[in-house]
Amino acid sequence: MSLGFFCLALFLYLSIDPDSGYTSASAAPSGKEGVEITFGSAIKLMHEKTKFRLHSHDVPYGSGSGQQSVTGFPGVTDSNSYWIVKPVPGTTFKQGDAIKNGATIRLQHMKTRKWLHSHLHASPISGNLEVSCFGDDSNSDTGDHWKLTIEGSGKTWKQDQRVRLQHIDTSGYLHSHDKKYQRIAGGQQEVCGIREKRADNVWLAAEGVYLPVNESSK
């Protein structure tokens, strides 16, 4: 186990119930679905078409909201591409519960503790809906809520399963494309929201640290 992955596992161990186990996973073989994703798991989301990972870092947008930027990152090993899957406030879901098709979730950036967020500001390159990171552990609103839709017949979210994430407030699908930044995030591609269902808004959970499933939640 690499030092970076060990540190990730240690971070999760300290931030969750000490009696919980976890399963580490790299991307599943092509065409095969992997382990189930549960609330509390830390995952990397891979854009199906370009294979870039959903990514953020402590760099604000120079336009729009000025909030922390979200991009698509070409590398696999960067720790800034980990997101912790959380339920929305006011629900009864708990750590280790399976995530069913149609569930509303939040994604918390592991390193900066901000939430994947969207709103009506224009994205920097394409002018679509901006996707940013916003808030902290104690500051979250409905702009952080995303509806999970599984493509196909699956009932619960699994690794390497084709999914879409639709923003509740704006109805925009989490989207990326090969339009790339040239300066601050050179080589990284734009992530934005688009209200139309397109091939470019399909994502798969790839690498991650997966908490075991509470069998009662299936």
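Note that the structure is predicted; figures quoted are calculated from it, not measured. FYI, side chains are in, hydrogens and waters are out, and symmetry mates aren't considered; it's all heavy atoms of this structure.
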| request: Following the transitive rule for hydrophobic clusters with a side-chain heavy-atom cut-off under 4.5 Å over Ile, Leu, Val, Met, Phe, Trp and Tyr, establish whether Tyr173 and Leu107 coincide in one cluster. | output: no
| query | With sequence neighbours left out, what residues match Phe93 under ring-ring contact (aromatic ring centres under 6.0 Å, His included)? | reply | Phe39
| request: Output yes when a side-chain donor or acceptor of Arg164 lies under 3.5 Å from a complementary backbone atom of Arg198, and no otherwise. | output: yes
| Other ILVMFWY residues reachable from Leu204 by side-chain steps of under 4.5 Å | Met46
| task | List in chain and number order the residues that pass ring-ring contact (aromatic ring centres under 6.0 Å, His included) with His109, two or more places apart in sequence or in another chain; answer none if no residue qualifies. | result | Trp83
| query | Given Thr142 and Asp169, is the side chain to side chain donor-acceptor pair (under 3.5 Å) satisfied, shown in steps? | reply | CA-CA 7 Å; Thr142 58; Asp169 284 358; 2.9 Å; yes
| query | Does Met110 belong to the same Ile/Leu/Val/Met/Phe/Trp/Tyr cluster as Trp115, with side-chain heavy atoms less than 4.5 Å apart forming each link? | reply | no
| message | Does anything in residues 59-81 form a ring-ring contact (aromatic ring centres under 6.0 Å, His included)? List the pairs, not counting sequence neighbours. | response | His55-Phe73
| Do Val202 and Leu45 belong together in a cluster built from hydrophobic side chains that touch within less than 4.5 Å? | no
| said: Using the salt bridge (Lys or Arg N to Asp or Glu O under 4.0 Å) criterion, which residues pair with Lys179? Sequence neighbours excluded. | reply: none
| said: Test your reading of the model: is there a side-chain donor-acceptor pair from Trp146 to the backbone of Leu116, 3.5 Å cut-off? | reply: yes
| said: Holding to side-chain hydrogen bond (donor to acceptor under 3.5 Å, both in side chains), I want the full list of residues that pass it with Asn139, two or more places apart in sequence or in another chain. | reply: none
| Nearest-0.5 Å distance that lies between atom CD1 in Ile99 and atom CD1 in Ile37 | 6.5 Å
| task | Answer yes or no: is there a side-chain heavy-atom contact under 4.5 Å between Gln68 and Asp58? | result | yes
| said: His177: which residues meet the side-chain hydrogen bond (donor to acceptor under 3.5 Å, both in side chains) condition with it, sequence neighbours left out? | reply: Glu190
| request: Verify the neighbour count for atom NZ of Lys51: are there more than 12 heavy atoms of other residues, nucleotides or ligands below 6.0 Å? | output: yes
| said: I'd like to check Asp141 versus His117 (side-chain heavy atoms, cut-off strictly below 4.5 Å). Are they in contact? | reply: yes
| field | Beyond-backbone contact of Ser132 with His119, side-chain heavy atoms, under 4.5 angstrom | value | yes
| request: Starting from Val88, walk the hydrophobic network (Ile, Leu, Val, Met, Phe, Trp, Tyr; side-chain heavy atoms closer than 4.5 Å) and list everyone else you reach, by chain and number. | output: none
| request: Supply the atom-to-atom distance Ile150 CD1 to Lys100 NZ, rounded to the nearest 0.5 angstrom. | output: 11.0 Å
| query | For the atom pair NE2 (His145) and CG (Leu165), what is the distance rounded to the nearest 0.5 Å? | reply | 13.5 Å
| query | Hey, quick one: are Leu54 and Tyr181 part of the same hydrophobic cluster, counting side-chain heavy atoms closer than 4.5 Å, chains of contacts allowed? | reply | yes
| said: Determine whether a donor-acceptor pair (N or O, by modelled atom type, separation under 3.5 Å) exists between the side chain of His167 and the backbone of Gly143. | reply: yes
| remark: Residues at least two apart in sequence or cross-chain that pass side-chain hydrogen bond (donor to acceptor under 3.5 Å, both in side chains) with Ser153, listed by chain then number, are none
| With no hydrogens and no angle check, do the side chains of Asp137 and Gln108 hold a donor and an acceptor under 3.5 Å apart? | yes
| query | Apart from Leu120 itself, what residues make up its hydrophobic cluster, given side-chain heavy atom links below 4.5 Å? | reply | Leu129
| said: Closer than 4.0 angstrom, basic N to acidic O: yes or no for Lys49 and Asp200? | reply: yes
| Sub-3.5 Å donor-acceptor pair from the side chain of Glu130 to the main-chain atoms of Ser65, do we have one? | yes
| Listed partners of Trp203 passing ring-ring contact (aromatic ring centres under 6.0 Å, His included), at least two apart | His47
| message | With rounding to the nearest 0.5 angstrom, report the NZ to CG distance, Lys86 to Asp144. | response | 11.5 Å
| Partners of Arg195 by side-chain hydrogen bond (donor to acceptor under 3.5 Å, both in side chains), sequence neighbours excluded? | none
